[in-house]
Amino acid sequence: MDNKLYIYNTLHRKKELFVPLHAPHVGMYVCGPTVYGDPHLGHARPAITFDILFRYLKHLGYKVRYVRNITDVGHLENDADSGEDKIEKKARLEQLEPMEIAQYYSNRYHKAMEALNVLPPSIEPHASGHIPEQIEFVKKILEAGFAYESEGSVYFDVEKYDKKYHYGKLSGRNIDELLETTRMLEGQEEKRRSVDFALWKKASPEHIMRWKSPWSEGFPGWHLECSAMSTKYLGEEFDIHGGGMDLLFPHHECEISQSTAALGKESVRYWMHNNMITINGQKMGKSLGNFITLEEFFSGNHPLLSQAYEPMTVRFFILQAHYRSTVDFSNEALQASEKGLERLMEGYERLQKLIPSDTSSSDMSGLRLRCEEAMCDDLNTPIVIAHLFEAVKFINLVYDGKATVSAADLEELKDVFRLFVEDLLGLKKEDENFAKYEALKKAVDLLLEIRLEAKRNKDWATSDKIRDELTALGFEIKDTKDGFEWKI
RNA sequence: GGUACUUUGGCCGAGAGGUUAGGCACCGGUCUGCAAAACCGCAUACGGCGGUUCGAAUCCGCCAAGUACCUCCA
């Protein structure tokens with residue numbers, strides 16, 4: 001743990017040295033998906049961003065407990081929509097049990113995450129499985145005097161809270177502005193102030209998802225699950241809380257208020273937020289209807305996609321931008337990533353085949369350090385990738401016999417690549433159907449041996465025929481000095 | 001309207017008060033029977049206008065354009 005990891009803390013709007021509360025243990029909580037729809041590119045961003053953090057913290061030697069929730073209770077659709085749950089609405093439309101919806105989309109989410117090589121979190125709690133904890137949390141806030149009951153619902157008293165603590169410290173908003181700018185919404189008569197938010201909502205008769213509570217049969221408020229579940233599994237105080245920037249306000253602001261009100265202290269030390277993925281400069285989002293699901297990416301089946309993209313291409317595309325920048329989707333950018341990734345992975349493969357010399361013609365010793373420094377600088381994966389590409393250049397030179405590498409340097413290079421490419425960036429070669437592929441390889445090798453022989457006999461007609469036919473079938477043939485290389 | 005952020009070469013995307021980011025594309029070259037790959041070379045960019053400074057794309061001010069949040073959203 002010699003490396004000093006700096007991460008950008010949204011709470012203070014600056015990079016801060018990461019010092020865990022109880023080293024070597026680190027607790028991190030990340031807002032997971034609401035499972036009422038197929039995962040899209042926007043879901044991939046936080047999952048990958050915090051996957052990188054998870055991997056890197058472990059690399060630094062920490063024992064990390066990573067909690068990422070599944071929201072299956074649903075949130076209110078919108079206030080004009082009679083307060084119906086998203087999941088519930090979907091259930092009604094598809095004539096399914098709400099939990100069936102949640103299960104279905106959880107599975108889809110997991111499948112997509114696995115394809116993206118996102119490691120599963122240590123704990124993945126469901127909101128529906130933590131209703132008692134959430135009720136307890138509401139009780140605590142009521143006891144502390146920062147909530148009030150109104151017609152079976154419980155609301156958080158933002159104004160009262162703000163007098164003692166500071167509502168808006170994360171998002172930089174202040175309560176007066178909010179009172180001015182928050183538009184009047186339906187069903188607000190129960191609340192004292194428009195800025196107050198629900199901790200517990202009484203269910204209307206048509207509401208299917210409902211639980212018993214001291215106040216009414218109903219369901220927990222929008223922000224409560226994260227407060228209840230994060231503190232349950234990580235303690236009243238924990239290190240890192242992450243999520244998308246769009247959750248900054250009101251979700252995370254409300255979370256801070258709830259936890260502070262209930263526990264008398266702040267729970268989270270470092271707040272981290274990943275930026276959005278945009279499409280034509282606009283946020284890609286469910287509500288905007290301009291999102292592309294991950295499955296559509298993998299199949300290419302979407303009007304905006306000119307081809308299918310492999311999961312690793314999507315991962316690499318996301319890692320080529322810093323997590324706090326927006327990244328704009330386009331086929332051109334994806335294709336550039338696809339080729340770049342291919343170059344990187346090919347370099348990685350060639351690295352395994354290099355033959356060492358007595359000395360190295362170029363000094364690559366700083367590579368590990370430079371990559372570590374980039375990671376420590378708020379997880380600057382684009383810089384790590386740039387460094388790796390410089391090494392690829394060197395690898396190719398050695399491969400071409402235009403440079404040399406010593407045995408010791410070669411081992412170091414291999415080790416650094418394995419560490420950064422595979423373990424930390426989580427990039428891997430996509431080779432399903434490995435056995436079939438092996439057989440195919442032998443067949444193609446055989447064919448190319450024949451071609452080699454034809455070439456020795458200067459039988460260009462035969463050699464070109466083999467190459468052209470294979471090329472037409474989708475193979476890429478490359479001649480080398482004394483043999484050949486190929487790929488599909 | 002309020003708050004915050006962004007603006008980099010053909011595209012994506014880092015960085016940062018004075019030194020080549022990187023990837024993709026284009027073009028030229030090396031290599032090769034041809035091709036592909038690889039390698040070499042090639043862009044001298046930083047929204048506009050002022051200011052600070054020996055020096056700014058990097059700091060400050062103003063302006064412009066755009067985005068996000070203020071309603072569920074990753």
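To find a chain, count down the sequence lines: A is the first, B the second, and so on, and within it residues start at 1.
Checked by atom type, the side-chain pair A:Gln320/A:Ser337 shows a donor-acceptor distance below 3.5 Å. A:Ser463 and A:Glu453 are not linked by any side-chain donor-acceptor pair at a separation below 3.5 angstrom, with hydrogens and angles left out of the test. Checking A:Tyr109 against A:Asp38 by side-chain atom types alone, no donor-acceptor pair falls below 3.5 Å. With hydrogens and angles left out, the side-chain atoms of A:Asn275 and A:Ser325 include no donor and acceptor closer than 3.5 Å.
Residues A:His252 and A:His273 meet the side-chain proximity criterion, which asks for heavy atoms closer than 4.5 Å. A:Pro220 is listed as a side-chain neighbour of A:Trp211, based on a closest heavy-atom distance under 4.5 Å.
Mapping A:Arg13 and A:Gly285 onto RNA chain B by nearest heavy atom places A:Arg13 at the nucleotide closer to the 5' end. Projected onto RNA chain B by closest heavy-atom contact, A:Arg45 and A:Gln282 fall at different nucleotides, the more 5' of which corresponds to A:Gln282.
Nucleotides B:rU6 and B:rG10 are separated by 23 Å at their P atoms, to the nearest Å. Using P as the reference atom, B:rU19 and B:rC24 are 25 Å apart when rounded to the nearest Å. Separation of the P atoms belonging to B:rG55 and B:rG18 is 14 Å when rounded to the nearest angstrom. Here, B:rG47 and B:rU8 have their P atoms 6 Å apart, quoted to the whole Å. Separation of the C1' atoms belonging to B:rA57 and B:rA21 is 14 Å when rounded to the nearest angstrom. When the C1' atom is compared between B:rC46 and B:rA4, the two are found 23 Å apart, to the nearest whole Å. Nucleotides B:rU67 and B:rU30 have their C1' atoms positioned 46 Å apart, rounded to a whole Å. B:rU20 and B:rA43 have their P atoms separated by 12 Å, given to the nearest Å.
Each of A:Arg324, A:Lys4, A:Lys15 was compared with A:Asp378 under the salt bridge (Lys or Arg N to Asp or Glu O under 4.0 Å) criterion, and only A:Arg324 meets it. When the options A:Ile7, A:Leu11, A:Thr10 are evaluated for a side-chain contact (heavy atoms from CB on, under 4.5 Å) with A:Tyr270, the one that passes is A:Ile7.
With distances taken from any side-chain atom of A:Asp400 to the nucleotides B:rA38, B:rU71, B:rA68, the minimum falls on B:rA38. For A:Lys283, counting side-chain heavy atoms from C-beta on, the closest listed nucleotide (B:rA38, B:rG23, B:rC69) is B:rC69. The side chain of A:Ala386 has B:rA21 as its nearest neighbour among B:rA38, B:rC72, B:rA21.
Put simply, the side chain of A:Lys393 and the base of B:rC39 share no donor and acceptor less than 3.5 Å apart.
Within 4.0 Å (heavy atoms only), A:Ile477 reaches at least one base atom of the nucleic acid. Heavy atoms of A:Arg350 sit under 4.0 angstrom from primed sugar atoms or phosphate atoms, though from no base atom. Contacts of A:Glu338 with the nucleic acid, taken as non-hydrogen atoms under 4.0 Å apart, are absent. Backbone-only contact: A:Gly244 has heavy atoms under 4.0 Å from sugar-phosphate atoms and none from a base. Among the atoms of the strands shown, base atoms are found under 4.0 Å from some heavy atom of A:Met276. At the heavy-atom level, A:Ile277 lies under 4.0 Å from base atoms of the strands shown.
As rounded to whole Å, 13 Å separates atom C1' of B:rC73 from atom NE2 of A:His273. If you take NZ of A:Lys14 and P of B:rC5, they are 15 Å apart, rounded to a whole angstrom. Put simply, CZ on A:Phe420 is 19 Å from P on B:rG22, counting in whole angstrom units. As rounded to whole Å, 11 Å separates atom C1' of B:rA4 from atom CG of A:Asn275. Summarising the geometry, the separation between CD on A:Glu346 and C1' on B:rC24 is reported as 16 Å, rounded to the nearest angstrom. Between A:His40 atom NE2 and B:rC73 atom C1' there is a gap of 7 Å when expressed in whole angstrom units. In this structure, A:Phe249 atom CZ and B:rC73 atom C1' are separated by 15 Å, rounded to whole Å. The interatomic distance linking A:Phe329 (CZ) with B:rC11 (C1') rounds to 14 Å, in whole Å.
A 3.5 Å limit on both hydrogen-bonding distances identifies B:rG48 as the Watson-Crick or G-U partner of B:rC62. Checking B:rA38 for Watson-Crick or G-U wobble geometry (two distances, each under 3.5 Å) identifies B:rU30 as its partner. Nucleotide B:rA57 forms a pair with no other nucleotide shown, judged by Watson-Crick or G-U wobble geometry with both contacts under 3.5 Å. Applying the Watson-Crick and G-U wobble criteria (two distances, each under 3.5 Å), B:rG22 pairs with B:rC12. B:rC69 is paired with B:rG2 under the criterion used here, namely a Watson-Crick or G-U wobble arrangement in which both key atom distances are under 3.5 Å.
The closest donor-acceptor contact from the side chain of A:Arg108 to the backbone of A:Val35 lies at 3.5 Å or more, if one exists at all. Judged purely by atom type and a 3.5 angstrom limit, A:Asp162 uses its side chain to pair as donor or acceptor with the backbone of A:Tyr167. Checked by atom type and distance alone, the side chain of A:Ser150 never pairs as donor or acceptor with a backbone atom of A:Ser153 at under 3.5 Å. With hydrogens and angles disregarded, a donor-acceptor distance shorter than 3.5 Å links the side chain of A:His302 to the backbone of A:Leu304.
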Just the table, please: protein N/O against nucleotides 26-34 of chain B N/O, every pair under 3.5 Å.
residue	atom	partner	partner atom	Å
B:rG33	N1	A:Asp464	OD1	3.1
B:rG33	N2	A:Asp464	OD2	3.0
B:rC34	O2	A:Arg467	NH1	3.1
B:rC34	O2	A:Arg467	NH2	2.7
B:rC34	N3	A:Arg467	NH1	2.5
B:rC34	N4	A:Asp479	OD2	3.0

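Side-chain N/O atoms of A:Arg343 include one lying less than 4.0 angstrom from OP1 or OP2 on B:rC39.
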**Request:** Take nucleotides 12-18 of chain B nucleotide by nucleotide from the 5' end and write B, S or -, depending on whether a protein heavy atom sits under 4.0 Å from the base, only from the sugar-phosphate, or from neither.
**Result:** SSSS---
